[in-house]
**Student:** 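I have a structure here, written as structure tokens, and I will follow up with some questions on it.
The first residue of the sequence shown is numbered 1, and numbering continues consecutively from there.
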Amino acid sequence: MKAKARSFGKSAVALAAIGIISKLIGALYRVPLTNIVGAEGMGLYQMVFPLYTVLLAFCGGGITSAVSRVVAKYTAIGNDEAAQRTLKVAILPLIAVSVVSTAAVALLRNVISGLQGNSEAGIAYLAICPSLLFAGGINVLRGYFQGKAFMLPSGVSQLVEQAVKLALGLYLSRLLLPYGVKYAVAGALAGVTASELFALIYLAVRFWIAARKRVRYVVVGSLVAETSAEFSAPRPVTDKMLLKELYSFALSVTLGSLVLPITQMIDSVLVINLLMHSGATRASATALFGLFVGPVGTLINMPTVVALSVAIAFLPTITSAVERGGDPSAVARVAVKWIMLFVIPVTAAFMIFPDRVCSALYSRGLTAEQLQTAARLLRVQAIGVFYIGVLQLATTVLQGHNNAHRPVINLVVGACVKVGLTPLLVRAFGIIGAAGATAACYAVAATLTVRCASSRMPIGVSVADAFIKPLACTVAGAAAFIGVSALTAMTTLPALWQTLIAGGAFLTVYASGVILTGALDVKAALAHARARRVIKSGGGMPDVPPDN
């Protein structure tokens, strides 16, 4: 059996980079889709996703983390046979759930869309529900590869999803637009279904290739022992034991993944009806909701997926350190630095320059009034970007310690705050109030979860490294953005190019500041890369600092 070493730092970088590319493709998809179907069409498009996301959670939303943790655990203690058998045990129950969910949505689509306030969404549900059949297999296979600290298949499958959705979804939406907006939306969602099928095929082929080559992936990091030689022969693990271990963990994660989709589903009913009660027409209320969860939601999700990718990449390493008696807090300190280096500048950019961001991306598909509303929504929702990153990091720490229920409880508390605040804030501030309630949800959940994670495992990261250095670099980058924007405004360049050039100046100054202030320890990262090359060449595990 061949063995390949995988650094948790390299895995985090790879998955985060692929996550950025995937979300950029997703943003590219939403921009022309918004221009094709308009704000009302995006409202129909987004009405489908709260319930769809809930059903995705039932079809294995929590199983990815569960499989990742169980596979990492048994790989760490040298029981590769149990790690391999985890796949079969995990996937069988999901097949039945997926079939039932697909049939239920197909049969009840008109009832559901009627309750949401717009019966035209029924055909959209019909177009997307077959994708539930493929969700279980995708989640299990991603969890397996992530548990082996091999993030490439998981990341590439995301790229496959986005590429197919971009190409086929836009083609079908344009093709069906002459028949009406609802058919164009259904065409876009049919592209989502096709993208899930192609992602499943890719992951299955990658697993088949790895199985034929009998490749064993080993997590590498100076904080975790690299071989299982010091462990005794692994004790037998039955399918029943694996099933209990998987789904006791997956249940907590699944419940957590259900909280926000359920609150979003409540939003899809509550917000539109509240806006209509305040005097807006059905079309206007749907369009405002579409701005809230469509164009603005897409921008908020881009940094979120990067933070999530970093957290996912660190979960197997934290689990391995816990199981082998290593130092998981050292791994968590690295994760804190990486996530803060990303979420702080993005939060600042969305809060300071929301008008530039929205007008650069959506000026063709949205009116001037809608762009102004989107910018206000983005400024308020940007607060949530910071708290989402903190929440995901703290959740990963608790999951690595097999304490996945605490983030769920905290998220429920945050969701209750959101549901309670939404009617009050929407009546007072319109659609902007819904954004404020969402930001409050993440702030409450993140604060509570950080307290739980800190009591479980003191991380000890310095305030300077986690906040002051990234914030100082962000201020410098923002100044560069403003200066370059003033210069490009004197030219005849289109607004999009002016924003891109100014954004490039922001990134250049920010990245330079990160290196100069030592927020990112380049020497440690290079040392760890050299250590991985030594391991791959059979030279053993030298003492090296962790990735930073």
**Student:** For residues V413 and L448, determine if any side-chain heavy atom of one lies less than 4.5 Å from a side-chain heavy atom of the other.
**Tutor:** yes

**Student:** What is the minimum heavy-atom distance between A199 and V160, and which atoms define it?
**Tutor:** N-CG1, 3.9 Å

**Student:** Do F350 and I383 come close enough that some side-chain heavy atom pair is under 4.5 Å?
**Tutor:** no

**Student:** If we ignore hydrogens and angles and just use 3.5 Å, is the side chain of S284 paired with the main-chain N or O of A280 as donor and acceptor?
**Tutor:** no

**Student:** Taking C-beta and beyond as the side chain, do L493 and I501 meet within less than 4.5 Å on heavy atoms?
**Tutor:** yes

**Student:** Do any N or O atoms from the side chain of S101 and from the backbone of S98 form a donor-acceptor pair under 3.5 angstrom?
**Tutor:** no

**Student:** I482 versus F353: any side-chain heavy-atom pair under 4.5 Å?
**Tutor:**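 When only atoms from C-beta onward are counted, F353 and I482 do touch, with a gap below 4.5 Å.
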
**Student:** Quiz question: by atom type and distance under 3.5 Å, do the side chains of T447 and Y387 form a donor-acceptor pair?
**Tutor:**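 No, no side-chain donor-acceptor pair sits under 3.5 Å.
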
**Student:** Is V484 close to F506 at the side-chain level, that is, under 4.5 Å between some pair of heavy atoms?
**Tutor:**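 No - every pair of side-chain heavy atoms lies 4.5 Å or more apart.
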
**Student:** State, yes or no, whether a side-chain contact exists between L341 and Y510 at a heavy-atom distance under 4.5 Å.
**Tutor:**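 L341 reaches Y510 side chain to side chain.
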
**Student:** Between R379 and P354, is there a donor-acceptor pair closer than 3.5 Å when you use the side chain of the first and the backbone of the second?
**Tutor:** no

**Student:** Which of these passes side-chain contact (heavy atoms from CB on, under 4.5 Å) with L189: V48, L172, I123?
**Tutor:** V48

**Student:** With side chains defined as the heavy atoms from C-beta onward, is the minimum distance between F289 and T286 less than 4.5 Å?
**Tutor:** no

**Student:** Do the charged groups of R142 and E161 touch, with an N to O distance under 4.0 Å?
**Tutor:**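 Yes, R142 and E161 are salt-bridged.
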
**Student:** Would you confirm whether Q370, through its side chain, and T367, through its main-chain N or O, come within 3.5 Å as a donor-acceptor pair?
**Tutor:** yes

**Student:** Given side chain to side chain contact (heavy atoms under 4.5 Å, CB included), test V426 with I431 step by step and report yes or no.
**Tutor:** CA-CA 6 Å; V426 169; I431 193 64; over 6 Å; no

**Student:** Is it true that a side-chain atom of Y362 and a backbone atom of P295 form a donor plus acceptor pair closer than 3.5 Å?
**Tutor:** yes

**Student:** Within a strict 4.5 Å, meaning less than it, do heavy atoms of the S485 and Q498 side chains meet?
**Tutor:**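 Not touching, per the 4.5 Å side-chain cut-off.
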
